Amino acid sequence: MKSSQVTIENVSKRFGDFVALNNTSLTISKGGFYSLLGPSGCGKTTLLRIIGGFEMPSEGAVYFDGVNVLPLPPNKRHVNTIFQSYALFPHLTVFENVAFPLRLKKVANAEIKRAVEENLALVKMETESKKYPRQLSGGQKQRIAIARALINQPQVLLLDEPLSALDAKLRQHMLLELDAIHDKVGITFIYVTHDQAEALSVSDQVCVLNKGQIQQIGTPAEIYESPANEFVARFIGETNYIRGKVVAVTDAENAVFESPEYGKFNIWLDKKVQLGSSVALTVRPEKIRIAPGKPSNLPPDVNVLRGTVEDMIYTGFQTKYFVRVNGAKEPLIVFRQHVQYFMDEKPINWKDEVSVWWDTKDSFMVEVN
Amino acid sequence: MSKPGKFSLGVFLLVTLFLHIPLVILFISSFNSSKSMRWEGFSLKWYHELFYNSQPLWHSFYNSIIIAISSAVTATIIGSLGAIGLCWYNFKMKKAIQTLTFFPIILPEIIIGVSILIFFNKIGLNLSLLTVFLAHVTFNIPFVLMTVMARLEEFDFSIVEAAYDLGASELDMLLRILLPIAMPGIIAGLLLAVTLSLEDFVITFFVAGPGSSTLPLHIFSMIRFGVSPALNALSVVIIVGTALLAWSTKNLYSSLLKR
Amino acid sequence: MRKNYGPIYVAPIAFWLIAFLSVPLLITLSYSFMEKGLYGGVELKFSLAAYKSLLNTAVLKVLLNTIVIAVASTAIMVALALPTAYYIARSPVKNLLLMLIIIPFWTNFLIRIYAWIAILGSNGLLNSFLISTGLLDEHIQFLYNRYAIILVIIYTTIPFAIFPLYSTIEKFDFSLIEAAMDLGASKFRALWLVMIPNIRSGITTAILFTFIPTFGNFAVPQLVGGTDSWMLGNLIVRELNITRNWPLASSISVVLTSVTMIGVLFFMRSQSKKEL
């Protein structure tokens with residue numbers, strides 16, 4: 001199928017005094033799987049509804065392949081939407097739901113039959129065509145909504161939290177299916193979600209939004225490994241967050257960071273900072289290693305801290321430790337994966353004295369407001 | 001779970017007997033050959049009188065049917081469109097219109113009857129079947145509106161957006177989506193309107209003119225005239241008729257919902 | 001973006017209700033402030049005469065009688081409906097019991113009034129029975145008084161108390177009663193202290209739905225009431241059709257509407273308080 005590049009240019013949306021979206025610009029490449037990620041009320045759904053034609057922006061423009069689509073109603077935009085509630089027509093069978101757009105266009109019956117069967121096969125629902133929506137499970141309704149949205153051969157498919165009504169296991173499964181369907185049809189998918197795991201696992205680009213403002217645009221790895229600011233760092237995954245200052249720049253790549261709580265570290269300059277400016281250092285819990293006592297054979301180029309295990313949560317595949325360094329306000333969070341059962345590591349218990357360390361290249365700097 | 005006690009059972013039985021005994025008495029009396037309430041033997045003569053010697057009664061019944069059907073259909077069209085507009089669209093004055101629709105439900109019937117009579121008098125409209133029709137449509141509209149809205153509220157607005165998104169025009173939307181899903185509500189509203197119209201006495205009392213008397217008005221004048229055993233027979237016929245109607249519409253309705 | 005078709009859908013209903021409801025109500029309101037015409041209708045002159053004649057003792061007596069009847073009937077109906085609705089809601093055959101309450105209402109409202117005339121009238125069943133058993137020597141009239149009005153109003157209106165109470169009790173979580181009893185309350189105290197506060201919205205609805213039609217009733221007092229047990233509705237009809245004092249009929253209607261509106265506003269306030 002044909003797909004479109006979607007360009008959002010300086011789009012703002014206000015509802016009365018409330019600013020839902022503030023001067024937003026972004027480009028979604030042809031055939032991409034693009035996620036709009038953020039907490040509820042961040043403006044992601046508003047942006048989706050503007051692209052879909054359900055809302056007019058207060059300012060700005062939306063282009064599909066360079067053509068401004070704002071003057072066009074939803075049905076003239078070559079874009080279709082999967083709604084959070086699926087929005088299947090309750091009085092029509094699965095077949096007729098999918099056939100609905102073609103019936104409106106007065107397409108010949110034989111052609112309708114062919115197209116509907118093809119689309120039902122795409123979502124593996126060809127055997128359920130005579131059922132009514134209320135006879136379907138959540139996952140099945142989801143598939144029908146996809147088949148129906150694709151039958152007009154849109155160039156862009158908008159998905160508004162499509163998995164939020166499904167249970168966790170089914171969500172995983174549908175996510176893979178969505179990915180497979182995306183690969184098959186090759187059109188641009190714009191996916192709205194508040195679930196970072198969903199966004200990270202399927203998208204090739206993620207745009208993180210908060211309070212109507214774009215926070216960061218990047219690949220899932222960039223968003224996770226190098227968050228642009230505190231909001232992104234805290235919203236995506238768990239992290240340790242250490243405030244302090246850059247007190248010395250060693251060379252082009254390395255610097256010395258000092259925290260009032262933890263003392264001095266060597267850090268890797270992942271971005272340019274002014275000497276003496278306040279920054280925060282964030283370290284993901286899985287990047288931190290932990291060992292009882294004072295291990296002697298630590299690798300070079302690591303930062304080491306010593307503390308006490310304050311609490312621990314065993315979750316099967318890993319244990320989450322809360323390690324309090326003397327004088328720190330918050331404990332550090334450390335994940336340890338259980339790669340080998342019993343054999344690999346000395347057990348660490350509550351109240352044990354431990355050392356924690358991480359590679360200087362594994363922390364990243366975040367601006368502090 | 002704790003069971004309801006003897007006290008509530010007692011009150012329930014008392015209320016149920018209180019509601020049923022008078023009608024049982026009417027039922028028995030309708031077969032009494034005597035004109036008085038004293039039993040003097042089984043007879044069908046009151047039914048005979050009802051069916052063969054009650055021309056004015058049947059004329060008023062005919063009026064009632066005409067009014068019930070015409071006013072119910074009109075109120076159903078107006079009320080259903082209103083329900084679609086009020087349920088699924090936003091516009092200026094929406095709140096004001098919604099408030100207005102509550103008035104016929106909360107105002108005592110006599111107020112509606114009096115004011116609409118004064119209005120007809122003011123605009124110089126003579127009382128006739130037409131004025132009865134206009135009044136009945138007015139009090140029926142909110143009931144149809146409520147019934148249809150209750151049905152529409154079961155569905156999410158995203159259905160409307162999905163239909164637009166898939167290329168439906170406003171007319172497609174109305175004919176292919178809104179009316180089909182509202183249909184059980186529309187039919188229930190229509191039946192309710194027919195019932196309310198057939199049943200109405202107070203408002204009709206004010207707006208009916210000579211020759212436009214409905215069945216309830218006729219019954220009213222019969223009662224004022226004194227006890228007539230033909231009324232006993234009529235009440236039995238009404239109960240049986242309503243029961244048959246309720247039974248058949250219930251079947252129709254449940255088959256509609258199952259679709 | 002598409003055109004907003006909402007106004008087109010609501011245009012007919014708005015037009016109809018403004019033409020045949022708002023305008024008539026406003027005309028009636030304005031008539032209450034005018035002078036009465038010679039043969040019915042009004043003179044287009046501002047006057048408070050209609051409101052002054054409301055203060056007439058005869059009118060006040062009718063108002064008082066209306067209030068007494070409405071309050072008494074409402075109180076009795078709610079008192080009877082509460083245990084009835086409770087019993088139905090707790091029964092395993094709820095729908096069947098509900099049908100038992102509904103079936104009598106399948107017959108015409110006037111026939112239901114008539115049934116009591118047939119029972120209580122001077123030639124009615126009760127008289128025949130009492131005379132044939134020798135308890136009574138001659139026919140006496142049980143009708144045409146305040147008690148007959150209250151009885152028949154209850155008979156014709158009680159389902160409007162039962163249904164709203166039933167639907168709130170049916171939704172009430174009865175494990176709360178068990179919890180209260182587990183904490184040491186007797187069953188009666190548990191119901192009184194735990195269930196009643198939780199079904200308050202049903203109780204207010206029941207009161208409203210029975211009080212409004214009772215307060216504005218006209219058919220029942222017309223058929224089973226006497227001249228000394230008139231209600232406001234009878235007065236309106238007399239002023240409208242017989243005395244033809246339309247401003248007075250309008251002003252009584254305004255009073256009746258005001259009382260109803262005050263009731264509805266109280267109701268809405270109590271409902272919105274509950275949501276807080």
Side-chain angles (χ1 to χ4, degrees), chain B residues 1-2 4 7-9 11-12 15-16 19-20 22-23 25-26 29 36-38 78-79 81-82 84-86 89-91 97 100-101 103-104 106-111 114-116 118-119 121-122 134 137-138 141 145 164 170 199 201-202 216 219-220 223 227 231 235 238-239 242-243 246, chain C residues 2 4-7 9-10 12-14 16-17 20-25 27-28 31 80 83-84 86-88 90 100-101 104 106-111 114-119 121 123-125 128 158 174 177-178 187 212-213 215-216 218-219 223 233 236 240 246 249 253 256-257 260 264:
Chain B
M1 208 156 86
S2 64
F7 174 71
S8 59
L9 170 65
V11 177
F12 170 78
V15 168
T16 311
L19 290 176
H20 284 262
L23 298 179
I25 290 170
L26 285 193
S29 316
S36 79
M37 294 302 286
R38 198 186 293 270
I78 295 174
L81 290 176
I84 290 172
L86 289 175
Y89 294 84
N90 274 311
F91 43 87
I97 293 170
L100 187 60
T101 62
F103 272 72
I106 54 176
L107 283 178
E109 286 179 290
I110 189 170
I111 299 299
V114 169
S115 61
I116 207 162
I118 288 177
F119 171 70
N121 176 274
K122 176 88 189 165
L134 294 173
V137 174
T138 307
I141 281 177
L145 181 85
Y164 284 151
E170 191 65 26
E199 172 78 12
F201 161 69
V202 176
I219 296 173
F220 180 71
I223 297 172
V227 172
L231 266 177
S235 53
I238 291 180
I239 294 181
T242 318
Chain C
R2 20 186 78 225
N4 186 349
Y5 286 87
Y9 284 119
V10 296
I13 196 173
W16 192 287
L17 291 180
F20 296 108
L21 186 73
S22 307
V23 170
L25 288 171
I27 292 176
T28 307
Y31 270 26
L80 288 174
T84 307
Y86 172 77
Y87 185 79
I88 298 174
R90 304 303 313 272
L100 277 179
I101 303 290
W106 282 0
T107 189
N108 184 278
F109 167 65
L110 292 159
I111 299 262
Y114 164 73
W116 283 101
I117 297 178
I119 295 168
N123 285 312
L125 187 78
S128 313
I158 198 168
F174 276 94
I177 298 297
E178 284 166 11
K187 184 165 177 196
I212 289 179
F215 196 75
F218 131 79
L223 289 171
I236 293 176
L240 205 62
W246 286 28
S253 303
L256 225 155
T257 309
T260 308
V264 171

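Nothing here was measured: the structure is a model prediction, and the numbers come from that model. So you know, we letter chains A, B, ... as the sequences are listed, proteins then strands, and number each from 1.
Contact of Ile236(C) with chain B is made through the side chain alone, with heavy-atom distances under 4.5 Å. Only the side chain of Leu223(C) comes within less than 4.5 Å of a heavy atom in chain B; its backbone stays farther off. For a residue to count as touching a neighbouring chain, one of its non-hydrogen atoms must lie under 4.5 Å from one of that chain's; by this rule Ile118(B) touches chain C with backbone and side chain alike. In this structure, the portions of Ser253(C) lying under 4.5 Å from any heavy atom of chain B include both its backbone and its side chain. Of the atoms belonging to Phe220(B), heavy atoms from both backbone and side chain fall under 4.5 Å from chain C. For Ser29(B), no part lies under 4.5 angstrom from a heavy atom of chain C. Using a 4.5 Å cut-off between heavy atoms, Ile106(B) touches chain C through backbone and side chain atoms alike. For Leu134(B), the parts lying under 4.5 angstrom from a heavy atom of chain C are both the backbone and the side chain. Leu110(C) touches chain B through backbone and side chain together, each having a heavy atom under 4.5 Å away. Only the side chain of Ile97(B) comes within contact range of chain C, judged by heavy atoms closer than 4.5 Å.
Rounding to the nearest 0.5 angstrom, the gap separating the OH atom in Tyr87(C) from the OG1 atom in Thr16(B) is 9.5 Å. Atom CD1 of Ile116(B) sits about 10.5 Å away from atom CD1 of Ile27(C), to the nearest 0.5 Å. Distance OH/Tyr5(C) to CD1/Ile84(B): 14.0 Å, rounded to 0.5 Å. Here the CD1-CD1 distance, from Ile111(C) to Ile223(B), works out to 6.5 Å after rounding to the nearest 0.5 Å. Taken from CD1 in Ile239(B) to CH2 in Trp106(C), the straight-line distance is 10.0 Å, to the nearest 0.5 Å. In this structure, Ile238(B) CD1 and Asn108(C) CG are separated by 5.0 Å, a value rounded to the nearest 0.5 Å.
Using a 4.5 Å cut-off on side-chain heavy atoms (C-beta onward), Thr107(C) and Thr242(B) make no contact. In this structure, the side chains of Tyr86(C) and Val11(B) stay at 4.5 Å or more apart for every pair of heavy atoms.
Ranking Phe218(C), Phe20(C), Phe109(C), Trp16(C) against chain B, the residue ahead of the rest is Trp16(C), based on heavy-atom pairs under 4.5 Å. Taking Asn123(C), Val264(C), Leu256(C), Leu100(C) one by one and counting their heavy-atom pairs under 4.5 Å with chain B, the maximum is reached by Leu100(C). Between chain B and the residues Gly121(C), Gly6(C), Ser128(C), the most heavy-atom pairs under 4.5 angstrom are made by Gly6(C). Between chain C and the options Leu145(B), Val202(B), Asn90(B), Asn121(B), the largest number of non-hydrogen pairs under 4.5 Å is found for Asn121(B). Among Val23(C), Leu25(C), Ile158(C), the residue with the largest count of heavy-atom pairs under 4.5 Å with chain B is Leu25(C).
Classification of the Tyr89(B)-Tyr9(C) ring pair by plane angle, with boundaries at 30° and 60°, yields tilted.
Around the CZ atom of Phe103(B), the shell of radius 6.0 Å holds no more than 12 heavy atoms that belong to other residues, nucleotides or ligands.
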